[in-house]
Every structure is written in C-alpha cells, then in structure tokens.
Amino acid sequence: MTARFDRQLPLADRIALRLHLFACKACPGFERQVRLMDQAMGRWRSYMERE
C-alpha cells in the first residue's frame with residue numbers, strides 16, 4: 001500500500017491492490033490514513049522549501 005505513494009506500481013500490482021481494497025474491510029481506512037499523511041508531508045515540504 002505505501003509503495004504506491006512512493007512510486008508507480010506495475011499494472012499487476014495496481015490491479016491486485018484494487019482487488020484487495022475491494023475485499024478487505026480494514027485496508028481502505030488505512031489507505032485514507034496513509035494518503036492524509038502523504039498530503040500533510042507534501043504541504044510541510046512545500047512550506048519548508050519557502051523558508
């Protein structure tokens with residue numbers, strides 16, 4: 001899951017991840033948390049580059 005925020009996943013991995021997210025109850029929530037952290041870090045990096 002976290003690798004998809006670091007780099008482009010191969011097609012087979014993207015499909016497998018989507019299927020897993022569809023079937024798993026816990027992982028969509030985890031995905032939202034990881035996405036939120038990734039966005040927050042991006043904003044923090046932008047802020048720090050301006051300083």
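Worth saying up front: this structure is predicted, and the values here are computed from it rather than measured.
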Exercise: identify the closest heavy-atom pair between Cys27 and His20: SG-NE2, 3.3 Å
Distance-minimising heavy-atom pair for Phe5 and Glu31: CZ-O, 4.3 Å
Minimum side-chain heavy-atom gap Val34-Arg4 below 4.5 Å: no
hydrophobic_cluster_shared for Leu9 and Leu21, side chain cutoff 4.5 Å: yes
hydrophobic_cluster_shared for Leu11 and Leu19, side chain cutoff 4.5 Å: yes
Qualifying residues under salt bridge (Lys or Arg N to Asp or Glu O under 4.0 Å), relative to Arg14, sequence neighbours excluded: none
Heavy-atom side-chain proximity of Leu17 to Asp13 below 4.5 angstrom: no
Shared hydrophobic cluster, Tyr47 / Met41 (ILVMFWY, side-chain heavy atoms < 4.5 Å): yes
